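See below for the structure under consideration.
Hydrogens, waters and symmetry mates are skipped; everything else that's a heavy atom, side chains included, is used. Every chain is numbered from 1 and lettered A, B, ... according to where its sequence line falls, protein lines coming before strand lines. In this text the structure is predicted, and so the values were computed from the model without any measurement.
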Amino acid sequence: MELPKQYDSEEAEKRWQAFWEKENVYAFDPDAKAEIFSVDTPPPTVSGKMHLGHALSYAQQDFMVRFQRMLGKNVFFPFGTDDNGLATERLIEKLKNVKSKSMERKAFVKLCLDTLEKELRPTYIQDWKRIGMSCDFSLYYSTINEHCQRISQRSFIQLYKAGREYRKEAPVMWCPECQTGISQVECQDKELDSHFNDIVFKVDNKDLIIATTRPELLPACVAVFYHPDDKRYQKYKGKKANVPLFDFEVPILPDERADPEKGTGIAMCCTFGDQTDMEWQKAHNLPIKSALTHDGRMTGIAGKYEGLPLKKARKEIINELKEKGLLVSQKPIKHSVNVHERCGTEIEFIHSKQWFIKYLDLKEEMLKWGEKLNWYPKHMRVRYDHWAKGLQWDWLISRQRYFGVPFPVWYCRKCDEPVLADEKQLPVDPLKDAPPIKKCPKCGHDEFIPEKDVLDTWATSSLTPFLAIELVKDKALQKKLFPMSLRPQAHDIITFWLFNTVVKSQLHHKTNPWKDVAISGFVLDPHGKKMSKSKGNVIEPQEVTRKFSADALRFWAAGSKLGEDMPYQEKDVLTGKKFITKLWNASKFAFMHLADYKGEKPKKLEIVDRWMLSGLGDIIREATESFKVYEFSRTKAETENFFWHLFCDNYLEIVKDRLYNPEKRGREAKLSAQYTLYHSLLAILKLLAPILPYITEEIYHSYYAGKEKAKSIHVSAWPQPFKSDEDAEAAGNLVVYAVEAARRAKSEKNVSLKTPLKSLSLRGKIPKEEFEAVKEDILAATQAEKISYKQLDGKSEADFEHDLEI
RNA sequence: GGGCCUGUGGUCUAGUGGCUAUGACACCGCCUCGACACGGCGGAGAUCACCAGUUCGAACCUGGUCAGGCCCACCA
């Protein structure tokens, strides 16, 4: 069979994608006996479009999974979308031009669900299919669907019963813009301009200057602190300071957390300006004064400033201090503050009632859990360890938002006792559904108030192994799928997703959720800078695919190692495209010469053919070892190099004579070449199949499919290495040496490669008989008219020598 | 402030103790040779960031310096 002259990647990729879906090529087989390889695929957040970072990370996962499938494992590779939570809320608000807080919760949730279902998800998932993800897309979950709500709520109930969850009135990190509590992991640093304001407090009517960046918190001031060793301030011990403008007294106390070097060395404590304020409040049992409302305005304690937004209040309070001569100086500073990662708003600490998962007591265990995982690359574990060590808060899991998994909880109207849903009634929405009992077990009251908060989105997405596994109904099979084999993901969410998934799995099952974790890197712009919309250096994968094909994009993605960030260079994708063309053309050549090949094995293989198979065997061995430890970039680089330079440039050139001229070289010599061509090209295609699924499938089907058993190259067996053949390697190397010498000489003379050599004399270490066996191949490949050979003795430094004449 | 990673021809990159340091792109010269000009052949181009050490031998190991990136902490 002959291949068309050109490969139309766009048409072919669409065709194969449809074929894989129709034939269920990647379907998980619940009945198969083979070893299971289960993957905890990252569910991308539905945000409209896949970006290039996704393309890199998901392509890399797919290489690893496709390899495992070809090893013969029963692959469980589900696909989910993470479409619950604030990210989706904000997207819908933008798309539909609405404000969730000014809508009925029910109406807003419906709008989100409808928009996801009809507009976003179908095209979004298509982006993943397009880059060739070999997921079983029938194993699909959406983190907001009933299946996931049920599992998420069940997790809440179980952890509550296990004593791991509590509800408490406490200061929490709060986003005044999104008006919800948030957890440590959702904070980000941001450099902002601010001022150090030196403000006059009065002690016994004398001035005490205190520096602060947050004068608007003066009404919430509860104490003033100095360092116990600070001689300047020791005299104030036991005295009280009068707070300017608001005219009330607070104690002056010593505490080691006060830094003598900072500001004036004496600090005011307001409940709550920052983390230290909270520690002080606790340590010295100070009163709590709330200065801010949930939407970031001043409370009643601010007197005439009540109701003003924080920033405005700050400005006006500074003005009043100035007018009254209570502001000694104002220094501009730059400092980093915590902002909410979703909206960039400065975080406040606000006192409110929230649900937490208790886990600060587990820090030691957390480190052990991390140690038990196989990290690829190893050093990524450090990020996990740091995070665990640096935890300061229990996990705040309640969010005062609309679009999320509801808490399966009601409270007794009289005594506030929480009443949890029955596992059988899940999923529940307390706003619609009734609690499972009629009377409060504690006080006997019969009225209940539904919890209207929703769960943190990570409280659900940290359950992805179960969200995926429970798509399979057979309980025995579920057990076999867990712990999962592999968690692939990018390094930015180690502290979010990876960490929380480990925690949940350990809390529920006392075991890690997976054996291996593979962390991929980030895509940077061509100069190594982060891609961002504001810099205008964003590249869209859809555009790359359109221009160069999905295979070319994957070729690029296979160029970086796990964990390694990679600058995006269009030329690398172009190289991929050229590689695909080369593969096409070489296959076209091979099939032209294999048209009359019936699959028979020659009685004896020519040395050059043995050399080819032996060399390919080495590559197969190396590629297999690399792939097993997820080093697909090595496999790719080695196979690429072998295919292009050894297979195409040398081997194909050398065997042309035998293939084209059987009358001159003999039927057996041709058959030997055909046999070698058939098997080596097939092996090369298989080595490349995980990386370039489309072109390899196209080539496989145009010739091999009818002869080999597999319905797709992607479910065919990974190639077995051919056996090493050192004698053939030595002789083959002589042929390559001769060919290269002839080429160099002709190139230096600026003559065509088909120009004959008048004579060629070779010397090498192999015996004369072996030279005789490759003589015809050398003659044909170099176009030499005369050839001679002499064996070098063992002491000679060079392996080969030559003289030639053109 | 702490930690992790990286630093190889113009650009991107392979290479973790031992031949003249890999490949791609770009560059120069040649070649329409019965798969491929998205090609082939050849060429030029690297004090492997810097300094010191270990070693018979270092791009690779150790220590330090500098530069870049990321993560975390601080954030009165």
Side-chain donor-acceptor pair present, N585(A), K582(A), cut-off under 3.5 Å: no

Under 3.5 Å, sequence neighbours excluded: what are the donor-acceptor pairs made by side chains of residues 260-272 of chain A?
unit_1: T264(A); atom_1: OG1; unit_2: I209(A); atom_2: O; d: 2.8
unit_1: T271(A); atom_1: OG1; unit_2: K289(A); atom_2: N; d: 2.7
unit_1: T271(A); atom_1: OG1; unit_2: K289(A); atom_2: O; d: 2.9

For the residue pair Y737(A) and H802(A), categorise the inter-ring angle as parallel (less than 30°), tilted (30 to 60°) or perpendicular (more than 60°). perpendicular

Please encode protein proximity along nucleotides 13-28 of chain B as a string of B, S and -, counting only heavy-atom distances under 4.0 Å. SSSS------SBS---

Distance flag, aromatic centroids of Y384(A) and F499(A), threshold under 6.0 Å: yes

Aromatic ring proximity, centroids under 6.0 angstrom, Y704(A) and Y678(A):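 Ring-ring flag for Y678(A)/Y704(A): true, centres closer than 6.0 Å.
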
Using only atom types and a distance under 3.5 Å, with no angle test, would you say the side chain of E13(A) pairs donor to acceptor with the backbone of S549(A)? no

Between K577(A) (side chain only) and A552(A) (backbone N and O only), is there a donor and an acceptor less than 3.5 Å apart? no

Near-strand residues of residues 739-748 of chain A, defined as heavy-atom separation under 4.0 angstrom from RNA chain B: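 Going residue by residue through residues 739-748 of chain A, the ones with a heavy atom under 4.0 Å of RNA chain B turn out to be R743(A), R744(A), S747(A).
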
With a 4.0 Å cutoff (strictly under), does any side-chain N or O of H335(A) reach OP1 or OP2 of A76(B)?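 Answer is yes, contact under 4.0 Å.
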
If we call it a pair only when both distances are under 3.5 Å in a Watson-Crick or G-U wobble match, what pairs with G17(B)?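 Paired with G17(B), as far as the under-3.5 Å criterion goes, is no nucleotide at all.
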
Quiz: residues 630-639 of chain A side-chain donor-acceptor pairs under 3.5 angstrom, not counting sequence neighbours:
unit_1: Y630(A); atom_1: OH; unit_2: D516(A); atom_2: OD2; d: 2.7
unit_1: E631(A); atom_1: OE1; unit_2: R634(A); atom_2: NH1; d: 3.4
unit_1: T635(A); atom_1: OG1; unit_2: A623(A); atom_2: O; d: 3.2
unit_1: K636(A); atom_1: NZ; unit_2: E640(A); atom_2: OE1; d: 3.4
unit_1: T639(A); atom_1: OG1; unit_2: T635(A); atom_2: O; d: 2.6

With a 3.5 Å cut-off and just heavy-atom distances, do the side chain of D189(A) and the base of C74(B) make a donor-acceptor pair? yes

If I pick the P atom on C5(B) and the same atom on A76(B), what distance separates them, to the nearest angstrom?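 Per the computed distance, 32 Å lies between those P atoms.
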
Partners of K190(A) by side chain to side chain contact (heavy atoms under 4.5 Å, CB included), sequence neighbours excluded? L192(A), V339(A)

What's touching nucleotides 31-33 of chain B from the protein side, N or O pairs under 3.5 Å?
unit_1: C33(B); atom_1: OP1; unit_2: K754(A); atom_2: NZ; d: 3.4

